[in-house]
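In what follows, a single structure is set out as structure tokens and then discussed.
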Amino acid sequence: MSDLLDSVRALNPVPDCEAPAIQDVWSKLERGRTQTEGAWTAPAAVARPVRRRRRSPGHRFPGPRRLTVSATVTVLAAIAAAALAAVAAPGLRATRSPVHAAPAAAVWRLANGTISCDLGPGGAGDRAATVPVPVRGRSAVAVCRRAYRAAGRSTSGVTFTECATSATNVAVYIADGRPGQCHRHGDRPIPPGYAAAVRRSASAGTARTASEHTADLRA
Amino acid sequence: MDEPRTHRAEELFAEHARAVRAYALRRVDAATAEDVVSDVFVVAFRRLEAVPEPALPWLLATARKIIANHHRAVSRRERLACELRPLHAGSSSDPHAGHPLLNGLARLSEGDREVILLVAWEELAPEDAAAVLGCSRAAFAVRLHRARRRLAAIMSAEQRTESFPRRLTGAMNE
């Protein structure tokens, strides 16, 4: 079993790295809070005692004029917010489906992610997924159909379907002919715009892999 | 911070920041890793008296908690992609991309995977790895033995059923 650990050791994605800058730590200490620590403390604010504002003896409640102005401002702000939402996001109002509301960045990530073929030696009921490979501007179904044939299987009469298994991977299955196959696999349908994004990626010649951050890890 | 504390804090950083950064980079994306590293040392500098010797297990345990907070803050699907990102490195320049052993590691539970990676990637001694996880050395030894056995079982099952997917994978790359 020590061989197994040695094999894992050899696959270390970050064998070494540069030291970070201590200045970030000093800056955060000065600001008095952290981004991911999960707790924000503002020591100075907590330590300061609460002071009550003194009011003049006869002034206990806001006058009628002040109430009217406040109410008017509140109503106008609500109307402005509603109008802004209607103008800014007409597409989102059209449908509440999460598939249709997929942002362009998410579709782009999927189109530059990976493909896996979950075809199994026995067909849809016998799943054995391949290791994911980069999309590189290719159709996932075309890649898996070609691989299926190259692996000695006939594609005659076989239909393939594709699903998003994660934010960055598309899996291709043998279609079982029933609706909702992606959901049955625990996946999501391919979002609209995916095929166009794959084509754009191919023509731009800058197809990226599933882990865009792997490029950062190289640095 | 007074001068002796500042000096101690800087020494702590100089000695361990690189290891903490490497730990974070192996588990989250680069931008989050930078935040994790600075947050770990903010916690350490605030509680300098509580940092034990050796400090690295304590720092990695803190990093582990901060990363867990980060993962809880994102959606479930996004978290799965984040956790598996280093294990499914798909860059064409990454020599380990798509390695079956990485696949096998990805199929382990998070606890089993962490036990193996603390020894294999962080190269911690068992007592230090146990300190990171907050368990005894004996308990860590048992967890490591079980995790290695489960990984071996996954790899063995992969080899038995892999012939068709292996041919498929080879053909996908043509």
Side-chain angles (χ1 to χ4, degrees), chain A residues 1 4-20 22 24-25 27-29 34-38 113-115 117 119-121 128-134 136 143-144 146-152 166-169 188 208-219, chain B residues 10 13-14 17-18 21-22 25-26 29-32 34-39 41-43 45-46 66 69-70 77-78 80-81 85-86 88-94 96 98-103 105 116-117 119-121 123 148-149 151-152 155 161-162 164-165 167-169 171-174:
Chain A
M1 278 212 207
L4 199 58
L5 275 185
D6 287 339
S7 300
V8 174
R9 202 167 276 124
L11 297 175
N12 191 338
V14 185
D16 198 3
C17 65
E18 290 177 4
I22 196 172
D24 292 342
V25 182
S27 302
K28 278 189 178 173
L29 271 171
T34 60
Q35 304 290 341
T36 60
E37 192 180 3
T114 56
I115 301 166
C117 305
L119 305 176
T130 61
V131 173
V133 297
R136 293 205 186 105
V143 166
C144 292
R146 204 159 40 236
Y148 198 69
R149 271 201 300 267
S166 72
T168 53
N169 186 71
R188 289 185 182 171
R208 288 186 188 173
T209 60
S211 179
E212 294 182 6
H213 303 285
T214 305
D216 296 322
L217 288 177
R218 274 188 288 133
Chain B
E10 286 173 348
F13 189 88
R18 226 160 128 177
R21 184 167 183 253
L25 283 172
R26 290 170 192 137
D29 59 273
T32 306
E34 301 309 324
D35 271 338
V36 168
V37 172
S38 54
D39 290 350
F41 284 96
V42 163
V43 173
F45 289 4
R46 279 184 190 154
I66 290 172
N69 281 342
H70 167 74
R77 278 190 177 275
E78 189 64 34
L80 194 59
R85 182 178 292 115
H88 281 309
S91 164
S92 56
S93 63
D94 186 340
H96 305 313
H99 196 285
L101 190 49
L102 291 182
N103 233 23
L105 276 171
I116 288 179
L117 297 186
V119 172
W121 286 359
E123 298 192 10
R148 283 157 77 172
R149 210 173 52 190
L151 181 60
M155 297 314 299
T161 61
E162 198 182 341
F164 180 71
R167 292 202 301 275
L168 218 54
T169 303
M172 285 166 77
N173 284 317
E174 285 168 9

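Residue numbers begin at 1 in each chain, while the letters A, B, ... track the order of the sequences.
With rounding to the nearest 0.5 Å, the separation of CZ in B/R26 from CG in A/N12 is 4.0 Å. Atom CG in A/L5 sits 8.5 Å away from atom CG in B/L151 (nearest 0.5 Å).
Of the possible polar contacts, one joining the B/W121 side chain to the A/V8 backbone as a donor-acceptor pair under 3.5 Å is found. No donor-acceptor distance shorter than 3.5 angstrom exists from the side chain of B/R18 to the backbone of A/D16, with no hydrogens or angles considered.
Remark: B/E10 engages A/I22, A/W26, B/T6 in a side-chain contact (heavy atoms from CB on, under 4.5 Å) (not counting sequence neighbours).
Annotation for A/R9 and B/A120: closest pair CG-O, 3.2 Å, computed over non-hydrogen atoms. Minimum interatomic distance between B/A22 and A/C17 (heavy atoms only, all atoms of both residues): N-SG, 3.6 Å.
Side-chain atoms of A/V25 and B/V37, non-hydrogen and from C-beta on, never get closer than 4.5 Å to each other.
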Practice prompt. Kindly indicate, with the supporting measurements, whether the criterion side chain to side chain contact (heavy atoms under 4.5 Å, CB included) is fulfilled by A/D24 and B/D35.
Written response: CA-CA 9 Å; A/D24 292 342; B/D35 271 338; over 6 Å; no
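For B/F13, the part lying under 4.5 angstrom from a heavy atom of chain A is the side chain only.
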